K.L.:
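Okay, handing you the structure first.
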Amino acid sequence: MQKYNSLVIVGAQWGDEGKGKMTDYFAQKTDLVVRFSGGDNAGHVINFNGKKHKVTIIPSGIFNKRVINIIANGCVVNLTKLVEEFNIIKNSSIEHGKLLISDRVQLIFPYHIKIDECQEEAKGSKKIGTTKRGIGPAYQDKVSRIGIRLGEVSDPDFKEKFKEVYDYQMKFLKNVFNQEPLNFEEMYNDLISAYNLIKEDIIDCGSYIEAAIKEGKRVLFEGAQGALLDIDHGTYPYVTSSNTSANNVSIGSGISHKLINTTIGVVKAYSTRVGQGAFPTELINEIGNGIRERGHEYGSNTKRPRRVGWIDAVALKHAIRTSGLDCIFITLLDVLSGIDELKICVKYEMNGRELNSIPATNFKYEQCKPIYIDTPGWAEDISNATSFDQLPNEAKNYLKLIEKICEIKITGFSVGPDRNQTVVLEHLF
């Protein structure tokens, strides 16, 4: 089979693994960066030249002026927020690449955000932990076939169609949640204003990406959230609203899976999770608090403190299988410096029996207790390491253990947030 210059980067845990950093790093050597799922609930923080830069829906390759960035059909887009985000980048004096958007993306409207808020509040103590940005309701409309695609806005009867959907949504908000109607004309005018600013950048992304790959261009596909938040294969129901695994790249961007060459999973040297849901290796102690502070484990969008735990090889192997990962990249290795003894979860124990996989229900998953192996930690500051050989022996052994347990190659690691604090052991392009 012919090999193409295509690379997929996805998170292999519960999100926040550092995908933005890795996409930005590899984007220095690529031609296209494609975001294939999710919405503006997936913030990525990218560090370079001593400054932090945040994106939510815009692909992380935007900070390279020679890269074409594509928001593909698997995404949901709040057009007003997208324009605002891109204007911030354009007005920041940072050189940036081109942004293109699929004509098949589903649009997020204010009523999606209102429904999201109402649904979450109605769950009470059973809240999922949504960011309340309308992502889930937009995907609900997509599946219900009443969603609005970006390409429809230019249709001559669009306003009438939009009004029909609006009327339906207002009835839903009134009858179910007793909410007053939103202003249709204001919503429509905001949409058209934003649309007019990006209408020249709307494309059939599947055809565009396929042509680029076959021309020999380097194409990087960027995931959002993490594989353990996948709507089908994540820790349901505490998941996101889309398929976040690498297997969704072809569906979410409109190309054949045969055009995808290599898939890399981004993995923290420990585990974090936001919101509700089982978390067997969670550390509710001084070690966990220390990791949180050293790793700045707070949501880039919400500022919520993330739950912290030891690395979980059972969950990681689940992500490796469901995403078909070829290799993994370890981030935030430097955060573990100073911990005397590290732990790796290799199995679960549930009701007296050992498990090598994640149970299908949260009820059962919450009953799982981690079975660990211990390995010595290291005291040295490794943030200036530029090669594997410069790591302390304990850090080298930690990485080798993860490779052995998960039966997958580690292709690199990072020792800090900046682009320059990235050590690549194998060049993937």
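Atom set for the values below is all heavy atoms of this structure, side chains included, hydrogens, waters and symmetry mates excluded. Please read all numbers here as calculations on a predicted model, not as lab measurements.
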K.L.:
Does any non-hydrogen side-chain atom of Asp312 lie less than 4.5 Å from one of Pro370?
P.N.:
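Contact flag for Pro370/Asp312 side chains = no.
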K.L.:
For a quick check under 3.5 Å, do Thr235 and Arg273 share a side-chain donor-acceptor pair by atom type?
P.N.:
yes
K.L.:
Check Ser271 against Gln13 and note the closest heavy-atom contact, atom names and distance.
P.N.:
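Scanning both residues, the minimum pair turns out to be OG-NE2, 3.8 Å.
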K.L.:
Apply ring-ring contact (aromatic ring centres under 6.0 Å, His included) to the pair Trp14 and Phe279, showing each step before the final yes or no.
P.N.:
CA-CA 10 Å; Trp14 285 280; Phe279 190 8; 5.4 Å; yes
K.L.:
Taking all non-hydrogen atoms of both residues, which atom of Ala138 and which atom of Ile108 are closest, and how far apart?
P.N.:
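It is CB-CG1, 3.8 Å.
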K.L.:
Looking only at the side chains, is there a donor atom on one of Lys21 and Thr422 sitting less than 3.5 Å from an acceptor on the other?
P.N.:
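Per modelled atom types, Lys21 and Thr422 side chains form a pair under 3.5 Å.
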K.L.:
Using only heavy-atom distances, determine whether the side chains of Tyr298 and Glu293 contain a donor-acceptor pair under 3.5 Å.
P.N.:
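Result is yes, a qualifying pair exists.
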K.L.:
Any idea which heavy atoms bring Tyr365 and Pro359 closest together, and the distance?
P.N.:
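What the structure gives for the nearest pair is CD1-CD, 3.6 Å.
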K.L.:
Is there a donor in the side chain of Asn261 and an acceptor in the side chain of Asn5, or the other way round, less than 3.5 Å apart?
P.N.:
no
K.L.:
Between Glu222 (side chain) and Lys19 (backbone), is there a donor-acceptor pair under 3.5 Å?
P.N.:
no
K.L.:
If we ignore angles and hydrogens, is there a donor and acceptor under 3.5 Å between the side chains of Ser245 and Asn243?
P.N.:
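The answer is no; no qualifying pair exists.
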K.L.:
For the residue pair Phe221 and Ser6, what are the closest heavy atoms and their distance?
P.N.:
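For Phe221 and Ser6, the tightest heavy-atom pair comes out as CE1-CB, 4.2 Å.
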K.L.:
Hey, are Asp141 and Gln106 close enough side-chain-wise for a donor-acceptor pair under 3.5 Å?
P.N.:
no
K.L.:
Any donor-acceptor pair under 3.5 Å linking the side-chain atoms of Thr80 with those of Glu84?
P.N.:
no
K.L.:
Is the positively charged end of Lys369 above the ring of Tyr348, judged by distance under 6.0 angstrom from the centroid and angle within 45° of the axis?
P.N.:
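No - Lys369 does not lie over the ring of Tyr348 by the 6.0 Å and 45° rule.
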K.L.:
Under a plain distance cut-off of 3.5 Å, with no hydrogens placed, do Ser207 and Asp204 share a side-chain donor-acceptor pair?
P.N.:
yes
